[in-house]
**Q** 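This is the structure, below, for whatever I ask next.
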Amino acid sequence: MFSLLYGLLCLCALGCGQLASGQPDDGKRYICRAVPLSGDVSCPVTLLPELNTGSQEEELRNTVMQLRETILLQKENISKQLGTINELTNKLSLCASATDDKKYEKGGSWGKEKQNTMGDVPRDPNDTIDSLGKTMQGLKDRLENLEQQQMRANVSGTSFPSELRDLLQRRLGELEKQLLKKVSSLEEEKSMLSNATAAYRLKTESTLNALVERISELEKGGGDFLSPEQFKLSLPQRTNYLYGRITKSLPEMYAFTLCMWIKSSASPGIGTPFSYGVPGQANEIVLIEWGNNPIELLINDKASSLWLHKSAKLVSLYGMILPKMKIPECSLTLQLKKNLSVAQLPLEVRDGRWHHICVSWTTRDGQWEAYQDGGKLGTGDNLAAWHPIKPGGVIILGQEQDVVGGRFDAGQAFVGELSQVNIWDRVLKPVEVQSMANCSSYMPGNVISWLASNVEVFGRGAFKRPLEMCQERLPNA
């Protein structure tokens, strides 16, 4: 088309030159224009400054060359813009496919090998966000470059295709939305990953701290024992000054299990192997056998053991007599049952041999269980129901506390040997109790564990001695 225009201009110039050559030179120059066949046949004349033929041809030639260069530049710009649009379209398709893949791969972690959904986007969340930001900035720079090219094209007299510009801006807007959505999703996943990592770190630190504490206790408690838990506390006399004290205290608990190995032949009654007192309540947890009475478990005992024992006898007597007389239980009997904080346990350990005993309790309805040598011998309820075990008290082995940590009564002192006194803040399963009783396994308490470094001995005549092998402690050994 431009060649045709150039040819018409040249013909017009030559024709006007030939016409002018046959007439006298009057100092004026004329330009011929092509008109339609149906239009005015007269040739309009436009006066121009005096120019010679050579300068006119040179001006026309320059104009044609400028138009040609402008067209070539515009064609090159269009090619670049088409390439940019194709690249943006590919990126947008990759983003869309990455979004779809993300819906089916929500549970994945950054550490696993996956298909790269963004081509050059790394898998670390921080690197991914930085890379997306760089990609976005690069696209904006390209758009600015295209705008500058448009301005240069406008200056040179050519127009930038508005359709191409609108399409490019629309594609860029869609891509920006996709990238923002991707960044938001990555930020959310990063936050979830951070929370999970923090929880795992806390759990790991807790485990490591427990392991370090265990190692420290093993290092401190080596001494003359094969291992820190392989020792026994020997209390050979019934006095008020021989006892052991556990250096740690109990937290608030709504259930517990107390297990120990015990050996005694004292009579009458083995005394008090275990007592736990808190401020305001010296008998928060007590395991006692005094006189010819069975072993008793006291929890939150606000009255004396003697009064409770008489109350228990009275309740037992009423329970046997009233049904035979066909008389319903009176309110006094029900009130006594409700207020009792003592349970008599069907345990027999006064034969001078080792026995493994466990007692468990839960505040829910005051339910309790008693084990001896791995077998469950008794259960019951309504023992200090709905009462939580108070924290921050003192654990004494071998004496019953009338005040927290002291005022012991020699008549209630334990005589014999104790070992592996452990406490858990839950009710152990029967299989767990049995495995410890038959020497299949040893399980230290998660609240109080039996370690030489945790037990202090008071009184001349009380000792910590090496413990016999577990198989040697079994009843049939």
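All residue numbers refer to positions in the sequence shown, counting from 1. All figures in this text were calculated on a predicted structure; none of them were measured in a lab.
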**Q** Check whether any side-chain N or O of Gln344 sits under 3.5 Å from a backbone N or O of Ile295 as a donor-acceptor pair, and report yes or no.
**A** no

**Q** Closer than 3.5 angstrom, by distance alone: can the side chain of Asn195 be matched with the main-chain N or O of Met192 as a donor-acceptor pair?
**A**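 Such a contact is absent between Asn195 side chain and Met192 backbone.
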
**Q** When you measure from the centre of the six-membered ring of Trp261, is the NZ or CZ of Arg473 under 6.0 Å away and within 45° of the axis?
**A** yes

**Q** Could you go through the side chain to side chain contact (heavy atoms under 4.5 Å, CB included) check for Met260 and Leu287 one step at a time?
**A** CA-CA 11 Å; Met260 67 181 72; Leu287 192 64; 4.1 Å; yes

**Q** So, for Leu428 and Met436, which heavy atoms are closest and what is the spacing to 0.1 Å?
**A**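 Heavy-atom minimum between the residues: CD1-CE, 3.8 Å.
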
**Q** Are Trp361 and Ile285 close enough, and set up right, to give a side chain to side chain contact (heavy atoms under 4.5 Å, CB included), and what steps lead you there?
**A** CA-CA 11 Å; Trp361 171 87; Ile285 304 176; over 6 Å; no

**Q** Do the side chain of Ser265 and the main chain of Asp351 share a donor and acceptor less than 3.5 angstrom apart?
**A**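 Side chain of Ser265 to backbone of Asp351: no pair is present.
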
**Q** Determine whether Trp450 and Leu233 satisfy the following criterion, side chain to side chain contact (heavy atoms under 4.5 Å, CB included), listing intermediate values before the conclusion.
**A** CA-CA 11 Å; Trp450 182 254; Leu233 174 63; 4.2 Å; yes

**Q** According to disulfide (SG to SG under 2.5 Å), does anything in residues 386-445 pair up with another residue at least two apart or in another chain? List the pairs.
**A** Cys439-Cys470

**Q** Applying salt bridge (charged side-chain N to carboxylate O under 4.0 Å, His left out), name anything that partners Lys376, two or more places apart in sequence or on another chain.
**A** Glu369

**Q** Tell me, which pairs form a disulfide (SG to SG under 2.5 Å) where one or both residues lie in residues 174-206, sequence neighbours left out?
**A**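 Qualifying pairs, neighbours excluded: none.
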
**Q** Without swapping roles, check the side chain of Glu284 against the backbone of Lys390 for a donor-acceptor pair under 3.5 Å.
**A**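 Indeed, once roles are kept as given, a pair shorter than 3.5 Å links the two residues.
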
**Q** What distance do Glu400 atom CD and Phe274 atom CZ have between them, rounded to the nearest 0.5 Å?
**A**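 One finds 12.5 Å between CD of Glu400 and CZ of Phe274.
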
**Q** Taking the side chain as every heavy atom from C-beta outward, state whether Leu298 and Ile288 have any atom pair closer than 4.5 Å.
**A**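 Yes, close enough: below the 4.5 Å cut-off.
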
**Q** Is Lys248 close to Asn454 at the side-chain level, that is, under 4.5 Å between some pair of heavy atoms?
**A**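 The answer is yes; the side chains approach within 4.5 Å.
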
**Q** Test of understanding: with salt bridge (charged side-chain N to carboxylate O under 4.0 Å, His left out), list the residues that count as partners of Glu76, not counting sequence neighbours.
**A**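 Partners of Glu76 by the salt bridge (charged side-chain N to carboxylate O under 4.0 Å, His left out) criterion, ordered by chain and then number, come out as Lys80.
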
**Q** Answer yes or no: are there more than 12 heavy-atom neighbours, outside Glu456 itself, under 6.0 Å from its atom CD?
**A** yes

**Q** Taking only residues two or more places apart in sequence or in another chain, which ones pass salt bridge (charged side-chain N to carboxylate O under 4.0 Å, His left out) with Glu432?
**A**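 Once residues adjacent in sequence are excluded, the partners of Glu432 under the salt bridge (charged side-chain N to carboxylate O under 4.0 Å, His left out) criterion are Arg426.
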
**Q** Show your reasoning for whether side chain to side chain contact (heavy atoms under 4.5 Å, CB included) applies to Leu250 and Asp425.
**A** CA-CA 9 Å; Leu250 297 179; Asp425 59 358; over 6 Å; no

**Q** Report the residues that fulfil salt bridge (charged side-chain N to carboxylate O under 4.0 Å, His left out) with Glu289, sequence neighbours left out, ordered by chain and then residue number.
**A**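 For Glu289, the residues satisfying salt bridge (charged side-chain N to carboxylate O under 4.0 Å, His left out) (neighbours in sequence not counted) are Arg350.
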
**Q** Ignoring hydrogens and angles, state whether a donor on the side chain of Asp373 or His356 is under 3.5 Å from an acceptor on the partner side chain.
**A**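 No, no side-chain donor-acceptor pair sits under 3.5 Å.
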
**Q** Could you tell me whether a side-chain N or O of Tyr254 sits under 3.5 Å from a main-chain N or O of Thr362, the two making a donor and an acceptor?
**A**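 No; judged by distance alone, with no hydrogens or angles, the pair does not exist.
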
**Q** I'd like to know if the side chain of Gln372 reaches the main chain of Glu348, judged simply by a donor and an acceptor atom lying under 3.5 Å from each other, with no hydrogens or angles considered.
**A** yes

**Q** We want to know whether Gln281 and Asn300 form a side-chain donor-acceptor pair, criterion being a heavy-atom distance below 3.5 angstrom.
**A** yes

**Q** Could you check whether any side-chain N or O of Asn240 sits under 3.5 Å from a backbone N or O of Asp409, counting only pairs where one atom can act as donor and the other as acceptor?
**A** no

**Q** Could you check whether any side-chain heavy atom of Tyr276 comes within less than 4.5 Å of a side-chain heavy atom of Ser249, counting everything from C-beta outward?
**A**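 SC-SC contact between Tyr276 and Ser249 confirmed.
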
**Q** Counting distance only, does the side-chain N/O of Asp381 pair as donor-acceptor with the main-chain N or O of Gln367 below 3.5 Å?
**A**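 Not confirmed, Asp381 side chain does not pair with Gln367 backbone.
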
**Q** May I ask you to decide if Ala410's main-chain N or O and Arg238's side chain share a donor-acceptor pair within less than 3.5 Å?
**A**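 No; judged by distance alone, with no hydrogens or angles, the pair does not exist.
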
**Q** Compute the centroid of each ring, for Tyr241 and then for Phe458, and state whether the two points are separated by less than 6.0 Å.
**A** no

**Q** Could you state the interatomic distance from CH2 (Trp354) to CG (Leu474), rounded to the nearest 0.5 Å?
**A** 12.5 Å

**Q** Is a donor on one side and an acceptor on the other found under 3.5 Å between the side chain of Ser449 and the backbone of Pro444?
**A**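 Checked: no pair found.
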
